[in-house]
Amino acid sequence: MSETPVTASQAEQRIRAMVDSIPKGRVATYGQIAEEAGLPRRARLVGRVLGGLPPRTKLPWHRVVNAAGRISQRPGGILEQRRRLKREGVVLDRRGKIDLTLYRWKPDWDA
DNA sequence: TATATGACGACGA
DNA sequence: ATCGTCGCCATAT
């Protein structure tokens with residue numbers, strides 16, 4: 001059985017779906033989303049897709065952080081994302097870091 | 001065709 | 001923990 005290469009639009013769709021499934025109060029990393037979407041080592045693509053989201057999107061883009069548990073530099077500034085996360089109860093330490101051992105979402109969990 | 005640049009990440013020093 | 005380097009790959013120039 002072979003894996004048919006994923007088209008760009010399919011990749012985007014999968015990525016959006018994964019992001020949409022992150023529960024409130026939990027976070028996932030770019031690399032994690034890529035992996036779960038069947039796109040290993042494509043973390044940057046995840047960032048690109050999020051960057052292309054319309055400003056009013058309902059997608060919980062703020063629940064995606066980098067592998068260090070920090071908010072990546074992004075157009076519009078990191079404040080909005082930090083605000084949204086805090087509102088959901090995600091704690092950031094004084095340096096703005098999130099404890100992934102506590103808040104990282106494991107997809108197979110809730111099942 | 002070649003280089004540069006990113007909402008990234010793994011690794012070694 | 002921080003930093004530089006390299007891998008990754010879609011786009012832009």
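Not measured: the values here are computed from a predicted model. Letters A, B, ... are given to chains in the order of the sequence lines, protein chains preceding strands, and every chain is numbered from 1.
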Listing time: all N or O pairs from protein to nucleotides 1-3 of chain C that are below 3.5 Å?
| unit_1 | atom_1 | unit_2 | atom_2 | d |
| --- | --- | --- | --- | --- |
| C/dA1 | OP2 | A/K97 | NZ | 3.3 |
| C/dT2 | OP1 | A/R95 | NH1 | 2.6 |

Which residues within residues 36-52 of chain A lie with some heavy atom under 4.0 Å of an atom in DNA chain B?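 Nucleic-acid contacts, sorted: A/A43, A/R44, A/G47, A/L50, A/G51.
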Short of 4.0 Å, heavy atom to strand atom, which residues of residues 55-65 of chain A count as contacting DNA chain B?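 Result for residues 55-65 of chain A: A/W61, sorted by number.
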Take a 6.0 Å sphere around CD of A/Q13 and say whether it holds more than 12 heavy atoms from other residues, nucleotides or ligands.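 At most 12 heavy atoms, drawn from other residues, nucleotides or ligands, come within 6.0 Å of this atom.
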What's the [atom1]-[atom2] distance between [X] and [N], to the nearest Å?
| X | N | atom1 | atom2 | answer |
| --- | --- | --- | --- | --- |
| A/I71 | B/dC8 | CD1 | C1' | 15 Å |
| A/M18 | B/dC8 | CE | C1' | 17 Å |
| A/R16 | B/dA7 | CZ | P | 19 Å |

Working to the nearest 0.5 angstrom, can you tell me the gap between [X] [atom1] and [Y] [atom2]?
| X | Y | atom1 | atom2 | value |
| --- | --- | --- | --- | --- |
| A/I15 | A/M18 | CD1 | CE | 10.5 Å |
| A/K106 | A/Q32 | NZ | CD | 7.0 Å |
| A/R42 | A/R14 | CZ | CZ | 11.5 Å |
| A/I98 | A/T29 | CD1 | OG1 | 11.0 Å |
| A/I33 | A/L45 | CD1 | CG | 12.0 Å |

Stepwise side chain to side chain contact (heavy atoms under 4.5 Å, CB included) test for A/L92 and A/I71: CA-CA 10 Å; A/L92 295 92; A/I71 295 175; 4.2 Å; yes
Could you go step by step and tell me if A/D99 and A/V91 meet the side chain to side chain contact (heavy atoms under 4.5 Å, CB included) rule? CA-CA 8 Å; A/D99 186 342; A/V91 174; over 6 Å; no
Between C/dT13 and B/dA7, how far apart are the two P atoms, rounded to whole Å?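 About 15 Å, rounded to a whole number of Å.
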For a quick test of reading the model, state the closest non-hydrogen atom pair linking A/L53 to A/R16 and the distance between them.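 In this case the closest contact between A/L53 and A/R16 is CD2-CD, 4.3 Å.
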How close do A/L39 and A/A11 get, heavy atom to heavy atom, and via which atoms?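 Minimum heavy-atom separation between A/L39 and A/A11: CD1-CB, 3.8 Å.
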For DNA chain B, list all stems, counting runs of three or more consecutive pairs where every pair is Watson-Crick or G-U wobble with both distances under 3.5 Å.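 As far as DNA chain B goes, consecutive pairing (with distances under 3.5 Å) yields the stems B:2-6 with C:9-13, B:8-13 with C:2-7.
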Quick one: list whatever passes salt bridge (charged side-chain N to carboxylate O under 4.0 Å, His left out) with A/R83, sequence neighbours left out.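 Testing A/R83 for salt bridge (charged side-chain N to carboxylate O under 4.0 Å, His left out), a comparison that skips the adjacent residues, returns A/E80.
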Enumerate the residue pairs fulfilling salt bridge (Lys or Arg N to Asp or Glu O under 4.0 Å) with a member in residues 63-75 of chain A, sequence neighbours excluded, ordered by first and then second residue.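 Qualifying pairs: A/R63-A/E88.
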Please check if the side chain of A/R104 supplies one atom and the backbone of A/A28 the other of a donor-acceptor pair under 3.5 Å.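 No, because the side chain of A/R104 does not come within donor-acceptor range (under 3.5 Å) of the backbone of A/A28.
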